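Keep in mind the model is a prediction, meaning the values are calculated, not measured. All chains are named by letter (A, B, ...) in the order of the sequence lines, taking the proteins before the strands, and each is independently numbered beginning at 1.
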Amino acid sequence: MKILSRRFYSQNTIKIAQELLGCFLVREYRGKIMKVIITETEAYIGENDLACHASRGRTPRTEVMYGVPGHAYVYMIYGMYHCLNVVTEEKDFPAAVLIRGGINPSPALPLAKGESPGFPLWQRGTKGDLNGPGKLCRFLKIDRKLNTWDLTKSEKLWIEERDSKIKLPKVIKSRRIGIDYAKHCKEYLWRYSLSSRT
DNA sequence: TATACGATCACCT
DNA sequence: GGTGATCGTATAC
């Protein structure tokens, strides 16, 4: 499986946020490999985006967003959860994609009622459903130790391109979550998800 | 140094 | 629908 390249991460953030859907987020932890299919993302773009952490400029925390694309931006939220972002666009332009949700496609997972083998992975039931950035990071053992991690090598944390043979459902665009403070920016349709969820 | 609050989640009514 | 947990960060003092 091919690892997403620096070149991929240097593209337009909205495009990346959509193209990450269906890709595999891979975590290597204590010698084990965990893979999750990305099903939900949000774009945070530039200092003019009032929802973006970089809207208040360069700080020690947001420095990574200004750096080379293809690195991880991991921060703690509400004192108890972590959120994983991938840094996008060119160096010195602060932007990132928040990974908000995924599906654990492990074949060991029991199928939910009404599901058959071969059931589309992103329509699987709750057993493998990692809906929410906090839950996703908790499952994949992602915390601030992985902040600034380079995602373009096959160590600890990376993303692999999606299987082109698998047809993805329509991408749903909606408002971003939990950013009521962001004034007009909260109206932007910068949240992207596969159609089994809203 | 002090304080306010958040790119969340689980549990409650 | 609402609320509490819990702490890093930004900002005010």
Side-chain angles (χ1 to χ4, degrees), chain A residues 9 11-21 23 25 27 34 36-67 69-89 92-104 112 122 124-149 151 157 159 171-194 196-198:
Chain A
Y9 292 112
Q11 300 177 95
N12 174 277
T13 304
I14 287 176
K15 178 184 179 184
I16 293 171
Q18 295 178 67
E19 294 203 349
L20 282 175
L21 297 174
C23 290
L25 176 61
R27 171 71 163 131
M34 296 180 277
V36 161
I37 296 174
I38 297 170
T39 57
E40 184 179 337
T41 60
E42 282 177 0
Y44 290 87
I45 309 174
E47 295 178 347
N48 293 330
D49 175 8
L50 297 178
C52 182
H53 288 168
S55 63
R56 277 174 285 191
R58 234 185 240 252
T59 68
R61 179 209 209 186
T62 60
E63 184 62 32
V64 60
M65 295 182 79
Y66 289 80
H71 289 252
Y73 168 38
V74 182
Y75 64 93
M76 173 168 267
I77 187 70
Y78 299 111
M80 37 173 56
Y81 299 105
H82 295 275
C83 291
L84 169 67
N85 300 250
V86 301
V87 175
T88 59
E89 312 222 13
D92 293 320
F93 183 85
V97 174
L98 171 66
I99 309 297
R100 281 195 60 88
I103 287 286
N104 178 3
W122 44 85
R124 284 273 179 94
T126 56
K127 277 291 183 184
D129 199 9
L130 301 165
N131 58 328
K135 282 189 272 187
L136 182 116
C137 285
R138 187 176 57 191
F139 177 79
L140 291 177
K141 311 294 186 195
I142 293 168
D143 61 26
R144 281 175 47 75
K145 288 195 291 292
L146 284 169
N147 191 36
T148 75
W149 186 257
L151 300 167
L157 187 66
I159 304 177
V171 173
I172 293 176
K173 303 174 185 180
S174 56
R175 291 178 184 170
R176 293 173 293 176
I177 298 295
I179 54 159
D180 285 350
Y181 57 85
K183 301 185 179 166
H184 63 282
C185 296
K186 72 178 189 225
E187 308 297 331
Y188 298 167
L189 301 180
W190 286 357
R191 180 180 178 217
Y192 306 100
S193 50
L194 297 181
S196 64
R197 63 191 66 227
T198 52

Between P of B:dC5 and CG of A:L50, the distance in whole Å: 17 Å
A:R191 vs B:dA7: side-chain N/O to OP1/OP2 distance below 4.0 Å: no
Nucleotide nearest A:K135 when distance is taken to its side chain, options B:dC9, B:dG6, C:dA10: B:dC9
Salt bridge A:D180-A:R175, side-chain N to carboxylate O under 4.0 Å: no
Shortest side-chain distance from A:Y81, nucleotide among C:dA10, B:dA7, B:dC9: B:dC9
Sugar-phosphate only, base, or nothing, as touched by A:R175 at under 4.0 Å among non-hydrogen atoms: nothing
Nucleotide nearest A:L98 (side chain, heavy atoms from C-beta), chosen from C:dA10, B:dA7, B:dA10: B:dA7
Sugar-phosphate, base or nothing in reach of A:G134, heavy atoms under 4.0 Å: sugar-phosphate
Trace of the side-chain contact (heavy atoms from CB on, under 4.5 Å) decision for A:I177 with A:R191: CA-CA 8 Å; A:I177 298 295; A:R191 180 180 178 217; 3.6 Å; yes
Base partner of B:dA7, which must satisfy Watson-Crick or wobble distances under 3.5 Å: none
C1' spacing across the pair C:dG1 / B:dA7, given as an integer number of angstrom: 22 Å
Test item: A:Y75 and A:N147 side chains (from C-beta on) under 4.5 Å apart, heavy atoms: no
A:Y66 and A:E89: side chain donor to acceptor below 3.5 Å: no
Atom-to-atom span, CD1 of A:I77 to P of C:dT6 - whole angstrom: 16 Å
A:R58 CZ - C:dA10 C1' separation (whole Å): 17 Å
Whole-Å distance separating the CZ atom of A:R144 from the C1' atom of B:dT8: 17 Å
Minimum-distance nucleotide to A:Y78 side chain [options: C:dA10, C:dT6, B:dC9]: C:dT6
Verdict with reasoning, A:Y192 to A:R176, per side-chain contact (heavy atoms from CB on, under 4.5 Å): CA-CA 9 Å; A:Y192 306 100; A:R176 293 173 293 176; over 6 Å; no
Out of B:dA7, C:dT11, B:dA10, whichever nucleotide has its closest atom nearest the side chain of A:R138: B:dA10
Rounded distance (Å) that lies between atom P of B:dA7 and atom OH of A:Y192: 19 Å
Phosphate contact (C:dT9 OP1 or OP2) by A:H53 side-chain N/O below 4.0 Å: no
A:P133, nearest nucleotide to its side chain (from C:dT9, C:dA10, B:dT8): B:dT8
Below 4.0 Å: OP1/OP2 of C:dG8 and any side-chain N or O of A:R61: no
